[in-house]
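Input: a single structure, listed below in structure tokens.
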Amino acid sequence: MPQKIPTDSIGYVIPQAIDFTDPLALACGRTLDAYRLMIETYGTLNADASNAILICHALSGHHHAAGFHEGDSKPGWWDSAIGPGKAIDTNKFFVVSLNNLGGCHGSSGPNQIDPATGKPYGPDFPLMTVTDWVESQARLADRLGIQQWAAVVGGSLGGMQALQWAISYPERLRHCLVIASAAKLSAQNIAFNEVARQAISKDPCFHKGRYYDVDDVPRTGLMLARMVGHITYLSDDGMRDKFGREMKTGKLMFDFNPQFEVESYLQYQGERFSTSFDANTYLLMTKALDYFDPAAEAQHDLAKALAHVKAKFLLVSFTTDWRFSPERSREILDALIDAGKDVSYAEVNAPQGHDAFLLPIPRYMDILKAYMSRVEADIPATSSTTAEVEA
């Protein structure tokens, strides 16, 4: 644990498991008869449930977005943005963060028990789409008594979910914040995802996704997948500034062991990820990324797909993000303008690449905070009293 909890931290948090028994029909044609969502909430829901913010996570994210779990030395993945006085101010907003279906951190997914067999789902867990996730999140909102989100916020794959929320449930959110994201993946991005999936599925320990049955883990495949992914999350400038061509020992060793600092860094990231993430979940999440394309059902016209949205938008991109480049955010911007929607756009100069959306970059945090003031201003004036939420 940290020696002292920062004053702008929400402190210790305890996840909640919420079970659903209403069958969920999925885009793949299958149905989940029952399922669980693991969530965390921060702040207090006001009397008419109008101050709620939904946080949607990226590929390897989960419900633990802020604060500390008992025994943790580091806070949640977006603690820099969520907490008292921060951009997403928990003194003002009731914040909900969840682990999506198909995840590996407590929600129903490949590493959880299939009630029909008593064994982990493994590769039998159905493929998910962003639309499926939004439907499950809408049911979560119903359970929490939230008829309309003050805002839905997400970066990367989370931004896709925020965008889909505005399309699927136009009456149920007032603001939509799409950060470092895109309306669909490029062919290059799909290619990177396929390389990662091949690295996992070709690992001898993968066992066609049934590695739980033999008490094995495709650790090498997961490690390679993460290394490939991590390269795409960083920028050339960022990697040069952080590592350059620095060597571990200061001289060439003339063997194939890691000798440059960047090699050691990637191996460390890959090894750590391979012990904390599920291989089947990685396959599932990358496919959900590949499949996302809301314009496909509107004659491939994104403006037409966005014609019925009612939310106001903030789009944020980062100059050195080549995985989800500023051009991809501007495609959404142009479509929203063509559809006559209320949209603000910021392009942040940052050397950190795609990972910039996770970091406390001052200009980025200032932009978020300024826009969240607008979100706060749109909370109905009758919402001054507060009430505890019962999950």
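Throughout, residue positions are numbered sequentially from 1 according to the sequence presented. Since the model is a prediction, treat every value here as computed from it, not as a measurement.
- Looking only at atom types and distance, the side chain of E376 has no donor-acceptor partner in the side chain of N51 under 3.5 Å away.
- Salt bridge present: D290 and R197 bring a charged side-chain N and a carboxylate O closer than 4.0 Å.
- One N or O on the side chain of R172 and one on the backbone of I146 form a donor-acceptor pair closer than 3.5 Å.
- Note on I337 and L302: same hydrophobic cluster, where clusters join Ile, Leu, Val, Met, Phe, Trp and Tyr whose side-chain heavy atoms are under 4.5 Å apart, directly or indirectly.
- Looking at E194 and Q198, their side chains do bring a donor and an acceptor atom within 3.5 Å of each other.
- The nearest pair of heavy atoms linking Y345 to S329 is CE1-CB, 3.8 Å.
- Of the possible polar contacts, one joining the T281 side chain to the G102 backbone as a donor-acceptor pair under 3.5 Å is found.
- R323 and N189 share a side-chain donor-acceptor pair at under 3.5 Å.
- Side-chain N/O atoms of Y211 and N280 include a donor and acceptor closer than 3.5 Å.
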**Request:** Take D89 and M372 through the side-chain contact (heavy atoms from CB on, under 4.5 Å) test and state the conclusion after the steps.
**Result:** CA-CA 8 Å; D89 192 341; M372 292 306 296; over 6 Å; no
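- Note: H64 and H69 have parallel aromatic rings, judged against thresholds of 30 and 60 degrees for the angle between ring planes.
- Closest non-hydrogen pair, N193 versus T286, comes out as ND2-O, 3.7 Å.
- With hydrogens and angles left out, the side-chain atoms of T320 and D237 include no donor and acceptor closer than 3.5 Å.
- By the rule that hydrophobic residues join a cluster once side-chain heavy atoms approach within less than 4.5 Å of another member, L234 and Y268 end up as members of separate clusters.
- The backbone N or O of H62 lies less than 3.5 Å from a partner atom in the side chain of W77, making a donor-acceptor pair.
- Counting heavy-atom neighbours within 6.0 Å of R374 CZ, excluding the residue itself, gives a total above 12.
- In this structure, Y35 and F20 have parallel ring planes: the angle between them is below the 30° cut-off, well short of the 60° mark.
- With hydrogens and angles disregarded, a donor-acceptor distance shorter than 3.5 Å links the side chain of T117 to the backbone of K119.
- With respect to the salt-bridge test (charged N to carboxylate O, under 4.0 angstrom), the residues R174 and D342 do not qualify.
- L289 CG to T129 OG1: the interatomic distance, rounded to the nearest 0.5 Å, is 12.0 Å.
- Once rounded to the nearest 0.5 Å, the distance linking CD1 of I18 with CD1 of I39 reads 3.5 Å.
- Residue V375 is grouped with residue I55 when hydrophobic side chains (ILVMFWY) are merged at heavy-atom distances under 4.5 angstrom, including chains of intermediate members.
- Relative ring orientation between H354 and Y233 is described as tilted, the plane-to-plane angle lying within the 30° to 60° band.
- Linking ILVMFWY side-chain heavy atoms closer than 4.5 Å, directly or via other members, places V195 and I200 in two distinct hydrophobic clusters.
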**Request:** Decide yes or no on side-chain contact (heavy atoms from CB on, under 4.5 Å) for F313 and I332, but give the supporting numbers first.
**Result:** CA-CA 10 Å; F313 281 78; I332 303 173; 5.5 Å; no
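- Using a 4.5 Å heavy-atom threshold, the side chains of S107 and N100 count as separate.
- The structure places CG of D19 at 4.0 Å from CZ of R36, a figure rounded to the nearest 0.5 Å.
- Looking only at distances, a side-chain donor or acceptor of Q148 sits under 3.5 Å from a matching main-chain atom of E171.
- For the residue pair H175 and Y371, a side-chain donor N or O sits within less than 3.5 Å of a side-chain acceptor on the partner.
- Side-chain contact between P110 and Y212: present, with at least one pair of heavy atoms (C-beta onward) separated by less than 4.5 Å.
- Annotation: K184, atom NZ; neighbour count of heavy atoms from other residues, nucleotides and ligands within 6.0 Å does not exceed 12.
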**Asked** Given F324 and F318, is the ring pair (Phe, Tyr, Trp, His ring centres under 6.0 Å) satisfied, shown in steps?
**Response** CA-CA 9 Å; F324 289 86; F318 300 90; over 10 Å; no
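- Using a distance-only test at 3.5 Å, with no hydrogens or angles considered, no donor-acceptor pair links the side chain of W133 to the main chain of Q161.
- Between Q269 and the choices E271, R272, Q267, the side chain to side chain donor-acceptor pair (under 3.5 Å) rule is met once, by R272.
- Considering only heavy atoms from C-beta on, C176 stays 4.5 Å or farther from V152 through its side chain.
- Between Q16 and E40, the side chains place no donor N or O within less than 3.5 Å of an acceptor N or O (distance only, hydrogens not considered).
- Annotation for A298 and A305: closest pair CB-N, 3.7 Å, computed over non-hydrogen atoms.
- Between K312 and D378, at least one side-chain N (NZ, or NE/NH1/NH2) sits under 4.0 Å from a carboxylate O, which counts as a salt bridge.
- Partner of H230 under the ring-ring contact (aromatic ring centres under 6.0 Å, His included) criterion, chosen from F192, Y265, F273: Y265.
- Comment: K74 does not engage D79 in a salt bridge, judged by the lack of any side-chain N to carboxylate O separation of less than 4.0 angstrom.
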**Asked** side-chain contact (heavy atoms from CB on, under 4.5 Å) between I5 and F68: does it pass, once the steps are laid out?
**Response** CA-CA 9 Å; I5 299 294; F68 293 85; 3.7 Å; yes
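- Considering every non-hydrogen atom in both K86 and K369, the closest pair reads O-CE, 4.3 Å.
- Using a distance-only test at 3.5 Å, with no hydrogens or angles considered, a donor-acceptor pair links the side chain of Y364 to the main chain of F357.
- Residues Q164 and S168 have side chains that bring a donor and an acceptor to within less than 3.5 angstrom of each other.
- Panel note: side chain N46, backbone A49; a donor-acceptor pair is recorded below 3.5 Å.
- Checking S325 against E327 by side-chain atom types alone, a donor-acceptor pair falls below 3.5 Å.
- When every heavy atom of A65 is checked against every heavy atom of S97, the shortest pair comes out as CB-OG, 3.5 Å.
- At a cut-off of 3.5 Å, with distance as the only test, a side-chain donor of D216 or H207 sits close to an acceptor on the other residue.
- Looking at D132, its side chain does come within 3.5 Å of a backbone N or O of A27 through a donor-acceptor pair.
- Checked by atom type, the side-chain pair Y169/E135 shows a donor-acceptor distance below 3.5 Å.
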**Request:** Take L306 and L163 through the test side-chain contact (heavy atoms from CB on, under 4.5 Å) and record every step on the way to the result.
**Result:** CA-CA 9 Å; L306 295 168; L163 183 62; 3.8 Å; yes
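- Checking side-chain atoms of D278 against main-chain N and O of N111 turns up no donor-acceptor pair under 3.5 Å.
- Residues L284 and L101 share a closest heavy-atom pair of CD2-O, 4.4 Å.
- Hydrophobic clustering (ILVMFWY, side-chain heavy atoms < 4.5 Å, transitive): F206 and V217 are in distinct clusters.
- Using a cutoff of 4.0 Å between basic side-chain nitrogens and carboxylate oxygens, E347 and R330 are scored as salt-bridged.
- A distance of 6.0 Å separates CG of D22 from CZ of R139, quoted to the nearest 0.5 Å.
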